Amino acid sequence: MNFTIEGLDQETGARAGTISTAHGHIETPIFMPVGTGGTVKAVHHKDLEESIRAEIILGNTYHLYLRPGLDVLTEAGGLHRFMSWNRPILTDSGGYQVYSLTHRRKLNPEGVTFQSHIDGSRHFFSPEKVIDIQRVIGADIIMAFDECTPYPCGHDDARKSMKMTHDWLDRCCVHFDKFTGLYGHEQSLFPIVQGSTYKDLRLDSARYIADCNRDGNAIGGLSVGEPKALMYEMTALVCEVLPRDKPRYLMGVGTPENILESIGLGVDMFDCVMPTRNARNGMLFTSEGIINIRNKKWQSDHQPIDASGSVYVDQHHSRAYLRHLFVAGEMLGPMIATMHNLSFYLWLVKEARRQILAGTFSSWKNGLTERLSRRL
RNA sequence: GGGGGAGUUCCAGAGCGGUCAAAUGGGGCAGACUGUAAAUCUGUUGGCUAAGCCUUCGGAGGUUCGAAUCCUUCCUCCCCCA
């Protein structure tokens, strides 16, 4: 994997760059749609590639391990072939499930035992096993196994958890370096900064992660309920420490505003379920604000879904029609809404990149941010 | 013609003397959602000069301190037998 920086914003820490992987280039800053179980929910690959123009998508180690399972993935020759997606893939390690499935797992220094949410069966995930699974999946970028701490988290607990995540990282690196990929293409391992909302821990963790000297670095454990000011503060702090010449990935973030702000802090990569999940629940993000398409006020609004939107559903369908689809429970509703939201997110990061390269990022961001969280 | 059953708040459907403005589900309206246990979850859903009051359980009348609940009668619908 290779990362080059093509532009730096003068007023903020924003960068425009390009990541090269075995499955193609990714222009940064980038938003990566979440495709947990081998699909970005409600969108076909053709739309994802040609209309939304996603450059990289996510998969999830825990979910793919449970379903379809490693045998099927091995037979298929990895996730790219299994799902017929030839662009880059990044897999999360299951660290988020340590957080989100907290009532279904037992954690100890060796690893985590999950009780499957599907059939209740027990599965042990160690740092080594998580690397092995991600070798079978074959993603271009794979994540170290970490513990994503909840918010709030006491300083002592956060410190212990961070220490354990660092130990797990060392084990991931050793195991990762011991073997090569199964399908002949390069894979890169990204370590993850933890440390909850504590400056001292975040700094320690960022230094530790930076010292691993991997192809890219991730920031985890944020956007778990803390105030956004704290999230920005931690992100800023960590970005100061993480190497400039490698991509920085802020995991699980976020709202359009979160993304713009974090780009300004020097983050290059983002993922979040928000555009896809919220789309399925009737919430649309636009450059003019937020639309809850189920609201009665759209009943007779025959304007395009988003007049300034770039994807074809924005121009070819009205708000009244999309509302009708949601109210009637038609599955085309979530499909159209997901296409809209993802293409808006991709537009957002593409435009950010363009503005960075043009030297106008800061003023553009400030003007847009005001409008993003409005309710239409 | 004879016998039986039923009419409840937007709908379906509980309740069968006071704790009933009335369970539950649906529908409606609104909200939440941040490395996806999510096409999910939550709130709300008669009116008002709101810790109270008013109008509601097919219509009218009655019994009772008190009725959606009991009685009389009328109207409407359904089923069975001729």
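Bear in mind that the values here come from a model prediction, so they are computed numbers and not experimental data.
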Heavy-atom nearest nucleotide on RNA chain B taken for A:Met231 and for A:Gln299; more 5' hit belongs to A:Gln299
Next on the checklist: Can you see if the side chain of A:Arg375 gets near the phosphate of B:A30 - specifically, an N or O under 4.0 Å from OP1 or OP2?
Outcome noted: no
* Tell me what A:Gly221 touches on the nucleic acid: a base, only sugar-phosphate, or nothing, going by heavy atoms under 4.0 Å. => base
| Looking only at atom C1', what distance separates B:G46 and B:U8, rounded to whole Å? | 14 Å
State whether A:Arg159 and A:Asp156 are salt-bridged, where the test is any N-O pair (Lys NZ or Arg NE/NH1/NH2 against Asp/Glu carboxylate O) under 4.0 Å. yes
- Task: Select base, sugar-phosphate, or nothing to describe what A:Val327 touches, counting heavy atoms under 4.0 Å on all strands.
- Result: sugar-phosphate
Between the protein and nucleotides 36-40 of chain B, which nitrogen or oxygen pairs come in under 3.5 angstrom?
| residue | atom | partner | partner atom | Å |
| --- | --- | --- | --- | --- |
| B:U36 | OP1 | A:Asn60 | ND2 | 3.0 |
| B:U36 | OP1 | A:Asp92 | OD2 | 3.3 |
| B:U36 | OP2 | A:Thr36 | OG1 | 3.1 |
| B:U36 | O4' | A:Arg277 | NH2 | 3.3 |
| B:U36 | O3' | A:His63 | NE2 | 3.2 |
| B:U36 | O3' | A:Gln97 | NE2 | 3.2 |
| B:U36 | O2 | A:Arg277 | NE | 3.3 |
| B:U36 | O2 | A:Arg277 | NH2 | 3.2 |
| B:U36 | N3 | A:Arg280 | NH2 | 2.8 |
| B:U36 | O4 | A:Thr276 | OG1 | 2.6 |
| B:U36 | O4 | A:Arg280 | NH2 | 3.1 |
| B:A37 | OP2 | A:Ser100 | OG | 2.5 |
| B:A37 | O5' | A:His63 | NE2 | 3.1 |
| B:A38 | O2' | A:Arg280 | NH1 | 3.0 |
| B:A38 | N7 | A:Arg277 | NH1 | 3.4 |
| B:A38 | N7 | A:Arg277 | NH2 | 2.6 |
| B:A38 | N6 | A:Arg277 | NH1 | 3.4 |
| B:A39 | OP2 | A:Arg280 | NH1 | 2.5 |
| B:U40 | N3 | A:Asn281 | OD1 | 3.4 |
| B:U40 | O4 | A:Asn281 | OD1 | 3.0 |

- Query: Phosphate oxygens OP1/OP2 of B:A30: is one of them under 4.0 Å from a side-chain N or O of A:Asn292?
  - Reply: no
Could you give the distance separating B:G61 and B:G43 at their P atoms, to the nearest angstrom? 41 Å
Does the side chain of A:His316 come under 3.5 Å of the side chain of A:Tyr321 through a donor N or O and an acceptor N or O? no
>> Under 3.5 Å, is there a donor on one side chain and an acceptor on the other for A:Tyr345 and A:Asp271?
In response: no
Measure from the side-chain N and O atoms of A:Arg104 to the backbone N and O of A:Ser116, and report whether any donor-acceptor pair falls under 3.5 Å. yes
Numerically ordered, the residues 240-258 of chain A set in heavy-atom contact under 4.0 Å with RNA chain B is A:Met251, A:Gly252, A:Val253, A:Gly254, A:Thr255, A:Asn258
In numerical order, the residues of residues 186-220 of chain A whose heavy atoms come under 4.0 Å of RNA chain B are A:Ile192, A:Gln194
With syn meaning chi within 90° of zero and anything else anti, the base of B:A50 is syn
Problem set entry | Any A:Asn295 side-chain nitrogen or oxygen under 4.0 Å from OP1 or OP2 of B:G31 | yes
*A:Arg105 charged N/C atom sitting above A:Tyr99 aromatic ring, 6.0 Å / 45°*: no
Next on the checklist: Any carboxylate oxygen within less than 4.0 angstrom of a Lys/Arg side-chain nitrogen, looking at A:Asp132 and A:Lys178?
Outcome noted: no
The correct set of residues in residues 140-153 of chain A placing a heavy atom under 4.0 Å from RNA chain B is A:Asp146, A:Cys148
Here the salt bridge (Lys or Arg N to Asp or Glu O under 4.0 Å) pairs for residues 338-359 of chain A, sequence neighbours left out, are A:Glu6-A:Arg353, A:Glu27-A:Lys350, A:Glu27-A:Arg353, A:Glu55-A:Lys350, A:Glu351-A:Arg354
**Study point:** Gap in Å between the two C1' atoms, one belonging to B:A14 and one to B:A68, rounded
**Key:** 12 Å
| message | Between the side chains of A:Asp167 and A:Lys163, is the shortest nitrogen-to-carboxylate-oxygen separation below 4.0 Å, so that they form an ion pair? | response | yes
query = Counting N and O atoms only, with roles assigned by atom type, does the side chain of A:Arg171 sit under 3.5 Å from a partner on the main chain of A:Glu110, one being a donor and the other an acceptor?
reply = yes
Do any side-chain atoms of residues 138-146 of chain A form donor-acceptor pairs under 3.5 angstrom with protein atoms, and if so which ones, sequence neighbours left out?
| residue | atom | partner | partner atom | Å |
| --- | --- | --- | --- | --- |
| A:Asp140 | OD1 | A:His23 | ND1 | 2.6 |
| A:Asp140 | OD2 | A:His23 | ND1 | 3.3 |
| A:Asp140 | OD2 | A:His80 | NE2 | 2.9 |
| A:Asp140 | OD2 | A:Ile89 | N | 2.9 |
| A:Asp146 | OD2 | A:Gln194 | NE2 | 2.8 |

